[in-house]
Undergrad: 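This is the structure I have questions about; it appears just below.
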Amino acid sequence: MKRYRKLKLTIWQYLSLGYLLVILIGTLFLCLPFSTKAGEDTSFINALFTATSATCVTGLVPYDTNTHWTIFGQTVILLLIQIGGLGFMTFVTLVLRLIRKRIGMQQKKVLMISAGEERPNELKRLFKRLLLGTFIFEALGATLLSIRFIKDFGTGKGIYYSVFHAVSAFCNAGFDLMGGAFGSETFVSLTHYALDPLVSLTIAFLIIIGGLGFCVWDDVISSKGKWKRYNLHTKIVLFCTAILLLVSTILFLFFERNNADYTSYTFGERILVSFFNATTPRTAGFNTVDLTHLSDGSYLLSLMLMFIGGSPASTAGGVKVTTFFVIIVGMIAVFRNKRDIEIGRRRIHGNLLRQSMAIFVSCLFIVLTATLIICCIEENNALATFQAVLFETVSAMGTVGLSLSLTPTLSAVSKIIIILLMYAGRVGILTIALTFSEKKDSAEIKKPIENIFVG
């Protein structure tokens with residue numbers, strides 16, 4: 001009898017298929033009639049879109065979350081956000097721990113990649129800190145939000161809203177329950193709390209902490225907060241995050257100085273709104289102002305922040321701040337005719353620059369191609385201007401969730417394109433590329449070198 005070899009998945013295939021499996025399960029639950037307040041079936045494409053957006057912690061939605069979905073549907077979305085934010089392998093590991101089953105080496109490798117840990121013996125400690133840190137931050141965020149939400153919505157609803165928004169913010173998802181909460185208006189996000197420091201700052205700092213990355217938390221704790229002890233990755237992430245937040249806040253403050261919506265705001269309130277505008281594109285999807293009223297400068301700045309995103313092995317998306325940083329320092333090294341890329345007293349491997357350039361260029365190419373295709377498909381859609389479509393595709397690829405009110409009006413084909421962008425943005429371009437790459441056992445054959453002119 002002929003024997004068949006057992007199918008062996010690579011680490012990258014585990015990651016890619018794992019997210020896909022979670023999305024499909026969430027889609028089936030959201031298709032159920034009791035998931036919607038109208039008691040009707042949700043179309044498969046819209047259920048798939050919502051499940052993908054939640055699992056990929058994006059926030060783009062075809063329906064207003066509060067007015068369309070029941071408590072059951074919202075709970076499904078919340079679970080998908082939590083699973084997607086921390087990584088599906090984290091939950092697989094948690095389940096295996098609960099049933100007291102040992103974790104295999106292959107699962108350990110996948111979890112190491114998901115969490116950004118290079119040392120197998122440190123994985124158990126990192127995993128415990130990851131879960132404990134997540135619980136502490138989300139609980140603290142929910143507690144602070146409950147001070148305002150219980151007052152506005154009552155005890156039960158206020159606590160529920162607090163937990164939902166704390167998880168959504170920490171996981172950088174951008175889903176909200178404010179639609180219909182202050183009248184019949186939908187898709188309002190946190191615009192009613194634009195000038196509320198308690199809500200705005202709590203949401204903003206949850207986004208920032210979630211976007212730093214699990215390995216950064218671990219290094220900060222292990223180093224007891226001493227900068228000199230931090231590894232290079234942690235220093236780069238903290239430095240880039242601080243610079244991006246500071247510079248972006250100042251730029252938003254400058255670009256929106258003549259915005260008619262801000263005429264009644266004090267200078268302090270303008271700083272609060274500008275800080276939130278600088279925080280949420282990396283990569284949360286909440287908004288406290290009408291994005292359609294942003295100036296051209298703020299629009300372009302938002303695109304740049306969405307594309308850059310947060311830190312690797314975090315709840316954030318985008319090409320990542322470390323990728324952007326490596327490209328910048330690599331570019332400087334090339335212009336200075338240096339062979340090595342030096343950062344302080346360290347130097348990084350040249351392969352990192354190649355990977356960073358590949359990720360950056362491929363994401364840019366995919367975004368521009370998707371924008372071109374959607375513009376062609378939606379030529380009869382009055383809302384599908386080039387500006388709105390580009391904003392939508394960058395938001396999807398960066399798993400941000402901000403939109404210029406375009407998402408609900410898209411056709412089925414355009415929604416499928418956005419779904420693919422969200423999936424690629426969360427799983428990662430490099431992961432997807434390695435998923436479909438063939439494993440070569442033989443030595444690579446080097447071909448003759450010939451020069452071409454560039455620049």
Side-chain angles (χ1 to χ4, degrees), residues 115-118 126 129-130 133 137 169-170 172 201 204-254 271 274-284 300-336 338 340-357 359-360 363 398-400 428 430:
E117 177 58 62
E118 297 178 342
L126 177 63
R129 285 185 175 180
L130 188 155
F137 288 128
F170 179 79
N172 283 213
L201 293 179
F205 282 111
L206 284 172
I207 294 169
I208 294 169
I209 294 170
L212 288 178
F214 313 130
C215 53
V216 173
W217 305 349
D218 185 62
D219 191 34
V220 170
I221 295 171
S222 300
S223 302
K224 298 180 180 179
K226 295 181 179 180
W227 178 264
K228 291 183 178 180
R229 295 184 181 179
Y230 295 163
N231 60 44
L232 184 60
H233 173 83
T234 301
K235 290 180 179 179
I236 291 173
V237 169
L238 294 177
F239 174 77
C240 290
T241 299
I243 292 297
L244 285 173
L245 285 172
L246 177 62
V247 173
S248 299
T249 299
I250 295 172
L251 288 176
F252 273 118
L253 194 63
F254 176 75
I271 292 178
S274 298
F275 177 71
F276 196 90
N277 286 343
T279 303
T280 191
R282 309 179 47 252
T283 53
L300 182 57
L301 178 58
S302 297
L303 284 180
M304 294 169 64
L305 292 174
M306 289 193 296
F307 194 78
I308 294 172
S311 169
S314 73
T315 60
V319 298
K320 305 299 188 293
V321 292
T322 46
T323 302
F324 183 71
F325 181 83
V326 168
I327 291 174
I328 295 297
V329 295
M331 180 180 67
I332 294 172
V334 170
F335 289 160
R336 296 177 65 183
K338 285 191 172 184
D340 296 325
I341 303 174
E342 298 177 351
I343 304 174
R345 297 182 179 179
R346 297 286 188 271
R347 66 184 178 91
I348 60 176
H349 201 285
N351 283 339
L352 281 178
L353 179 59
R354 293 171 56 194
Q355 288 183 359
S356 298
M357 287 299 300
I359 292 170
F360 189 91
C363 287
T399 67
V400 181
L430 187 60

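Residue numbers count from 1 along this sequence.
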Undergrad: Nearest 0.5 Å, please: how far is CZ in F276 from OG1 in T249?
TA: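 Here the interatomic distance stands at 12.0 Å.
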
Undergrad: How close do G211 and A316 get, heavy atom to heavy atom, and via which atoms?
TA: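 Between these two residues, the closest heavy atoms are CA-CB, 3.9 Å.
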
Undergrad: Ring centroids only, cut at 6.0 angstrom: are F360 and F307 within range, meaning strictly under it?
TA: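 Centroid distance F360-F307: below 6.0 Å, so yes.
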
Undergrad: Given side chain to side chain contact (heavy atoms under 4.5 Å, CB included), test S311 with H233 step by step and report yes or no.
TA: CA-CA 10 Å; S311 169; H233 173 83; 4.0 Å; yes

Undergrad: Show me the donor-acceptor pairs within less than 3.5 Å that the side chains of residues 236-245 make with the rest of the protein, sequence neighbours left out.
TA:
from: T241; atom 1: OG1; to: V237; atom 2: O; distance (Å): 2.7

Undergrad: Between the side chain of K224 and the main-chain N/O of S222, is any donor-acceptor distance below 3.5 Å?
TA: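 Flag not set: sc K224 to bb S222 has no pair under 3.5 Å.
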
Undergrad: I need the minimum non-hydrogen distance between S248 and A278, along with the two atoms involved.
TA: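 Closest approach of S248 to A278: CB-CB, 3.5 Å.
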
Undergrad: To the nearest 0.5 Å, what is the distance between OG1 on T322 and CD1 on I308?
TA: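 It comes to 11.5 Å.
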
Undergrad: Using atom types as modelled and distance alone, determine if a side-chain donor or acceptor of T283 lies under 3.5 Å from a backbone N or O of G317.
TA: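 Confirmed, T283 side chain pairs with G317 backbone.
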
Undergrad: Would you check, one step at a time, whether the test side chain to side chain contact (heavy atoms under 4.5 Å, CB included) holds for I327 with V319?
TA: CA-CA 11 Å; I327 291 174; V319 298; over 6 Å; no

Undergrad: Which heavy atom of W217 sits nearest to which heavy atom of L212, and what is that distance?
TA: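 For W217 and L212, the tightest heavy-atom pair comes out as NE1-CB, 4.2 Å.
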
Undergrad: Give the minimum heavy-atom separation between T280 and V400, together with the two atoms involved.
TA: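 Looking at all heavy atoms of both residues, the shortest contact is O-CG1, 4.0 Å.
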
Undergrad: Write down the atom of K228, the atom of K235, and the distance for their closest heavy-atom approach.
TA: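 Taking every non-hydrogen atom into account, O-NZ, 4.0 Å.
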
Undergrad: What pairs with R229 under salt bridge (charged side-chain N to carboxylate O under 4.0 Å, His left out), at least two apart in sequence or on another chain?
TA: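 Result, salt bridge (charged side-chain N to carboxylate O under 4.0 Å, His left out) vs R229: none returned.
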
Undergrad: Can you list the steps and then say if F325 with I328 is a side chain to side chain contact (heavy atoms under 4.5 Å, CB included)?
TA: CA-CA 5 Å; F325 181 83; I328 295 297; 5.7 Å; no

Undergrad: Distance check, rounded to the nearest 0.5 Å: I359 atom CD1 versus T323 atom OG1?
TA: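 The distance works out to 4.5 Å.
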
Undergrad: Determine the minimum heavy-atom distance between I341 and V329, stating which atoms define it.
TA: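 Distance-wise, the nearest heavy atoms are CG2-CG2, 3.7 Å.
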
Undergrad: How about CZ on F137, more than 12 heavy atoms from neighbouring residues, nucleotides or ligands closer than 6.0 Å, or not?
TA: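 Check passes, neighbour count above 12.
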
Undergrad: Supply the atom-to-atom distance S314 OG to I209 CD1, rounded to the nearest 0.5 angstrom.
TA: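 CD1 of I209 is found 12.5 Å from OG of S314.
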
Undergrad: Starting at OG of S302, measure out to CG of L251 and round the result to the nearest 0.5 Å.
TA: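 The distance works out to 11.0 Å.
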
Undergrad: Mind checking the OG1-CZ spacing from T315 to F170? Nearest 0.5 Å is all I need.
TA: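 Spacing of OG1 (T315) from CZ (F170) equals 6.0 Å.
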
Undergrad: Could you check if a side-chain atom of F254 sits within less than 4.5 angstrom of a side-chain atom of S274, using non-hydrogen atoms only?
TA: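 No, side chains not in contact.
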
Undergrad: Quick one, N231 with T234, criterion side-chain hydrogen bond (donor to acceptor under 3.5 Å, both in side chains). Give me CA distance, side-chain angles, the key distance, then yes/no.
TA: CA-CA 6 Å; N231 60 44; T234 301; 3.0 Å; yes

